[in-house]
Undergrad: 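Sharing a structure below in structure tokens format, with a few things to ask.
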Amino acid sequence: MDESCVIQWTERGYPRSARWRSERGAPPPGRVVVADDRTSADAAYGLACQGTALLWRGDFQNARQMLIALASRVDRQPRKRHKAAASSSPPSAVEAFNLQRQARSQRARTLGMLLVQLDGNYGIALRRAPDVRRACAEAWGPGEEGVVVSLRELLGVIGAHEWRRKGIEIPAIGERIHPHYGVFAPIRGEYVELVAKAPLPAAMSPSDAAFDIGTGTGVLAAVLARRGFRHVVATDQDPRAVACARENLARLGLAERVDVVQTDLFPPGRAALVVCNPPWIPARPSSPIEHGIYDPGSRMLRRFLDGLPKHLAPGGEGWLILSDLAEHLGLRARPELLDAFDSAGLQVLGRSEVRPAHPRASDEVDPLHAARAAELTSLWRLAAR
């Protein structure tokens, strides 16, 4: 085994080891102790805060209760800091954003210290443990050897399996999309509705092609096919997204009209319509799933804009779906976006916008409430100059 991916501990006086699994590539904890139903939440919290991981050997459902208790203790700290800072000047939007990300990162590290062990078939040798074999195989592929994983990550795998099984209702296509583990789910339906309702290019004919760049689950490719495009090329560089999109489009009966290609941004050729819903926040992701939210330095956004003109057919349009949340957070200014259009040789034909409907937009306790309340998601209709 690769020593960098091995977790080691002592149990009943004997040294033990197993392969360490972390979706975000976190190193294995340096110190591990065995814990069970006799371990108190206060003791577990103290160890976790010090960087000591707890390998659970008790009842599985009690492990879940322990995770809830740890989360309760972690969440008390931001409230205390918030009260202490209430008398001082409030942080700027950028400072509030950075403070929230730091708090979330610390929360994830602390909660990630509660561990469980899985055998080579992803079985869990704990009382009242659920059967997670299918969920783990969907997320990680066939099991080959036992692993140790954080309980928090395992519960995420279980939740992703349920989403994949049940799917998410998409009114724009009248059917469900089934996201896979690690693929950004279309839970914010307002941007899908923008693509479903925007006027199509006037010069478009049914034989024209459309591109969906960064397709993810394939939801926008499905919308384009349902809107009349007989040939849609959906691209993504993530193998999980490619498999997810292909499965969804086959389930919708659109596999013959939509080609899903694993590539970085654009496929060869030109299209009458090129659609892209890039990550909206120009910041560094802390885990693979966050690549659907965070775009360091707006790299994907700029690469899409710079490459768009040479992939548009005559009279074609590029549709950029982008939230202005980054602007309200002070992470990107509107003139910066307009300058990027101009530098790429693009002109704006029009713009439609919608306010978000997700619960966090109205959560006044959220430190970023002011920015979220002002947020608009826009579909920019772009054309080559």
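Position 1 is the first residue of the sequence; numbering continues from there. Predicted model, so just to flag it, every value in this text is computed and none were measured.
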Undergrad: Passes side chain to side chain contact (heavy atoms under 4.5 Å, CB included), L115 versus W9? Steps please.
TA: CA-CA 12 Å; L115 315 179; W9 70 97; over 6 Å; no
Undergrad: Can you tell me how far the CG atom of L111 sits from the CZ atom of R104, to the nearest 0.5 Å?
TA: 13.0 Å
Undergrad: State plainly whether one hydrophobic cluster holds both L224 and L349, where clusters connect Ile, Leu, Val, Met, Phe, Trp and Tyr through side-chain heavy atoms under 4.5 angstrom apart.
TA: no
Undergrad: Does R332 pair with E327 as a salt bridge, N-O distance under 4.0 Å?
TA: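 No.
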Undergrad: Do the side chain of D119 and the main chain of G146 share a donor and acceptor less than 3.5 angstrom apart?
TA: no
Undergrad: Using distance alone, with no hydrogens and no angle criterion, decide if N248 and R251 have a side-chain donor and acceptor under 3.5 Å apart.
TA: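 Judged by distance alone, the side chains do pair up.
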Undergrad: Under the 3.5 angstrom rule, does the side chain of R257 hit a backbone N or O of F229 as a donor-acceptor pair?
TA: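 Checking the backbone N and O of F229 against the side chain of R257, a donor-acceptor pair under 3.5 Å is found.
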Undergrad: Applying side chain to side chain contact (heavy atoms under 4.5 Å, CB included) to W140 and L118, what does each step give before you reach the verdict?
TA: CA-CA 13 Å; W140 301 329; L118 289 73; 4.3 Å; yes
Undergrad: Checking S150 side chain against E153 main chain: does a donor-acceptor pair fall under 3.5 Å?
TA: yes
Undergrad: Test R57 against Q117 for side-chain hydrogen bond (donor to acceptor under 3.5 Å, both in side chains), laying out the working first.
TA: CA-CA 9 Å; R57 294 305 197 198; Q117 187 172 12; 2.8 Å; yes
Undergrad: Heavy atoms, side chains only, cut-off 4.5 Å: are W56 and D37 in contact?
TA: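 Side-chain contact under 4.5 Å: yes.
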Undergrad: Can a side-chain donor-acceptor contact be found between R109 and S105 if the only test is distance below 3.5 angstrom?
TA: yes
Undergrad: With the 4.5 Å side-chain cut-off for hydrophobic clustering, are V219 and V354 part of the same group?
TA: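 Looking at the clustering, V354 is in the same group as V219.
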Undergrad: Go through the steps for V242 and V261 under the test side chain to side chain contact (heavy atoms under 4.5 Å, CB included), then give the verdict.
TA: CA-CA 7 Å; V242 170; V261 179; over 6 Å; no
Undergrad: Mind checking the CD1-CG spacing from I213 to N277? Nearest 0.5 Å is all I need.
TA: 12.0 Å
Undergrad: Shared ILVMFWY cluster between V275 and V183, side chains joined below 4.5 angstrom?
TA: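 No, it is not one cluster - the side chains of V275 and V183 are not joined through contacts under 4.5 Å.
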Undergrad: On a heavy-atom basis, which atom in M300 and which in C276 lie closest, and how many Å separate them?
TA: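 Distance-wise, the nearest heavy atoms are CE-SG, 3.9 Å.
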Undergrad: Could you measure the distance from the CZ atom of R355 to the CG atom of L376? Nearest 0.5 Å is fine.
TA: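 The distance works out to 4.5 Å.
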Undergrad: What distance separates T263 OG1 from Q237 CD, expressed to the nearest 0.5 Å?
TA: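 That separation rounds to 8.5 Å.
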Undergrad: Taking G58's backbone N and O only, do any of them form a donor-acceptor pair with D36's side chain (distance below 3.5 Å, no angle check)?
TA: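 No; zero donor-acceptor contacts below 3.5 Å.
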Undergrad: About how many Å separate CD of Q347 and CZ of R381, when rounded to the nearest 0.5 Å?
TA: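 So the gap between those two atoms works out to 10.5 Å.
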Undergrad: Applying a strict under-4.5 Å side-chain criterion to I, L, V, M, F, W and Y, I'd like to know whether M66 and M113 cluster together.
TA: no
Undergrad: Mind checking whether L382 and V348 have side chains closer than 4.5 Å, heavy atoms only?
TA: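 Contact flag for L382/V348 side chains = yes.
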Undergrad: What verdict does the salt bridge (Lys or Arg N to Asp or Glu O under 4.0 Å) test give for R302 and E336, after you've listed the backbone C-alpha separation in whole Å, the side-chain angles of each residue and the deciding distance to 0.1 Å?
TA: CA-CA 11 Å; R302 291 182 177 278; E336 181 182 345; 3.3 Å; yes
Undergrad: Kindly give the heavy-atom pair with the smallest separation between A384 and P309, and that separation in Å.
TA: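 Distance-wise, the nearest heavy atoms are CB-CB, 4.2 Å.
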Undergrad: Is it true that, when you exclude Q61 itself, more than 12 heavy atoms of the residues, nucleotides or ligands shown sit nearer than 6.0 Å to its CD?
TA: yes
Undergrad: Quick one: does P356's side chain get under 4.5 Å of R372's, heavy atoms only?
TA: no
Undergrad: Taking atom CG of L254 and atom CD of E175, what is their separation to the nearest 0.5 Å?
TA: 8.0 Å
Undergrad: For atom CZ of R176, decide whether the heavy atoms of other residues, nucleotides or ligands shown that lie under 6.0 angstrom number more than 12.
TA: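 Correct, the count exceeds 12.
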Undergrad: Determine whether the side chains of S323 and E375 contain a donor N or O and an acceptor N or O closer than 3.5 Å.
TA: yes
Undergrad: So, does R165 use its side chain to make a donor-acceptor pair with the main chain of A160 at under 3.5 Å?
TA: no
Undergrad: So do the side chains of L194 and S378 get within less than 4.5 Å of each other, counting heavy atoms only?
TA: no
Undergrad: Testing the basics here: between A196 and V223, what is the closest heavy-atom pair and its distance to 0.1 Å?
TA: CA-CG1, 3.8 Å
Undergrad: When clusters are formed by joining ILVMFWY residues with side-chain heavy atoms under 4.5 Å apart, either directly or through shared neighbours, do I293 and L99 land in the same one?
TA: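 In one cluster with I293: L99, no.
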Undergrad: Can you see whether F341 has R385 sitting over its ring - NZ or CZ less than 6.0 Å from the centre and within 45° of the normal?
TA: no
Undergrad: Do the side chain of R226 and the main chain of A172 share a donor and acceptor less than 3.5 angstrom apart?
TA: no
Undergrad: Does a donor on one side chain and an acceptor on the other come within less than 3.5 Å for D295 and S298?
TA: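 No donor-acceptor contact under 3.5 Å links the two side chains.
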Undergrad: Less than 4.5 Å apart, side chain to side chain, heavy atoms only: is that true for F211 and L308?
TA: no
Undergrad: Please report the shortest heavy-atom distance between A185 and W163, naming the atom on each side.
TA: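 Result for this residue pair: CB-CZ3, 3.2 Å.
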Undergrad: Could you tell me whether E95 and R101 make a salt bridge, using a distance below 4.0 angstrom between a side-chain N and a carboxylate O?
TA: no
Undergrad: Kindly give the heavy-atom pair with the smallest separation between P279 and L322, and that separation in Å.
TA: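 For P279 and L322, the tightest heavy-atom pair comes out as O-CD1, 4.3 Å.
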Undergrad: Whether the side chain of S72 engages the backbone of I68 through a donor-acceptor N/O pair (distance < 3.5 Å, no angle test) should be reported.
TA: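 Pair absent, no side-chain N/O of S72 close to backbone of I68.
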Undergrad: Which atom pair, heavy atoms only, marks the closest approach of A129 to F60?
TA: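 Heavy atoms of A129 and F60 come nearest at CA-CB, 3.6 Å.
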Undergrad: If the threshold is 4.0 Å, N to carboxylate O, is there a salt bridge linking R164 and E162?
TA: no
Undergrad: Is any side-chain heavy atom of P29 closer than 4.5 Å to one of W20?
TA: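 Yes - at least one pair of side-chain heavy atoms lies under 4.5 Å apart.
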Undergrad: So, H231 versus D259: side-chain donor-acceptor pair below 3.5 Å or not?
TA: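 Short answer, yes.
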Undergrad: Inspect the surroundings of CZ in R38 and state if more than 12 heavy atoms from other residues, nucleotides or ligands are less than 6.0 Å away.
TA: no
Undergrad: Give me the ring orientation class for W280 and Y191: parallel if the planes are under 30° apart, tilted from 30 to 60°, perpendicular past 60°.
TA: perpendicular
Undergrad: Could you go step by step and tell me if L273 and D208 meet the side chain to side chain contact (heavy atoms under 4.5 Å, CB included) rule?
TA: CA-CA 8 Å; L273 181 61; D208 287 330; over 6 Å; no
Undergrad: Okay, side chain of R21, backbone of V148: is any donor-acceptor separation there less than 3.5 Å?
TA: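 Not confirmed, R21 side chain does not pair with V148 backbone.
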Undergrad: Taking the side chain as C-beta and beyond, is there a heavy-atom pair between L325 and T377 under 4.5 Å?
TA: no
Undergrad: Okay, side chain of N121, backbone of G143: is any donor-acceptor separation there less than 3.5 Å?
TA: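 A pair under 3.5 Å: no.
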Undergrad: Tell me whether the rings of H311 and F266 are parallel (<30°), tilted (30 to 60°) or perpendicular (>60°).
TA: parallel
Undergrad: Just by distance, do the side chain of Q262 and the backbone of D236 share a donor-acceptor pair under 3.5 Å?
TA: no
Undergrad: Does the side chain of P282 come within less than 4.5 Å of L301's, by heavy atoms?
TA: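 No. Closest side-chain heavy atoms not under 4.5 Å.
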Undergrad: Above 12 or not: heavy atoms from other molecules or residues under 6.0 Å from CZ of R133?
TA: no
